[in-house]
Asks: 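Encoded as structure tokens, here's the structure I'll be asking about.
Computed from a predicted model, the values in this text were never measured in an experiment.
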Amino acid sequence: MRIRMLVQMNGTRDGAPWPSQGEEADLPTAAAAHLVSAGVAEQVDETPPASLGKRRQGGRRGTVTNP
């Protein structure tokens, strides 16, 4: 499960430092769910966001055609 840390945690997890506040990490589902329920992390949507630069298919908006 992918999460984003909402707080800075001290210490280590499995011998590695915790991700910094705002960083994302992949953790086992149970561990990630525990952090989310404790309010120290949030789940990250793994679906990439839609591109903002894509154009719509079809005609131009706001144009009127006369029959």
Side-chain angles (χ1 to χ4, degrees):
M1 175 183 220
R2 190 148 186 85
I3 60 162
R4 180 180 302 113
M5 297 300 293
L6 299 176
V7 299
Q8 181 64 49
M9 303 260 297
N10 293 324
T12 61
R13 181 189 174 285
D14 293 337
W18 282 97
S20 296
Q21 182 178 2
E23 289 185 346
E24 296 179 6
D26 287 310
L27 296 178
T29 302
H34 177 75
L35 294 174
V36 170
S37 68
V40 299
E42 63 185 359
Q43 183 174 356
V44 175
D45 183 12
E46 296 185 25
T47 306
S51 173
L52 298 177
K54 286 188 176 179
R55 301 187 93 184
R56 284 187 185 187
Q57 297 292 327
R60 294 173 29 189
R61 283 201 287 175
T63 60
V64 177
T65 58
N66 291 325

Asks: Donor-acceptor pairs under 3.5 angstrom involving side-chain atoms of residues 28-42: please list them, not counting sequence neighbours.
Replies:
unit_1, atom_1, unit_2, atom_2, d
Ser37, OG, Ala33, O, 3.3
Ser37, OG, His34, O, 3.0
Glu42, OE2, Arg4, NH1, 2.6

Asks: Tell me, please, which residues at least two apart from Gln8 pass side chain to side chain contact (heavy atoms under 4.5 Å, CB included).
Replies: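 Side chain to side chain contact (heavy atoms under 4.5 Å, CB included) check on Gln8 returns Ser20, Gln21.
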Asks: Could I get the full list of salt bridge (Lys or Arg N to Asp or Glu O under 4.0 Å) partners for Asp14, not counting sequence neighbours?
Replies: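 Result, salt bridge (Lys or Arg N to Asp or Glu O under 4.0 Å) vs Asp14: none returned.
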Asks: Please determine whether residues Val7 and Trp18 belong to a single hydrophobic cluster, defined as Ile, Leu, Val, Met, Phe, Trp and Tyr linked transitively by side-chain heavy-atom distances below 4.5 Å.
Replies: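 Yes: a chain of side-chain contacts under 4.5 Å links Val7 to Trp18.
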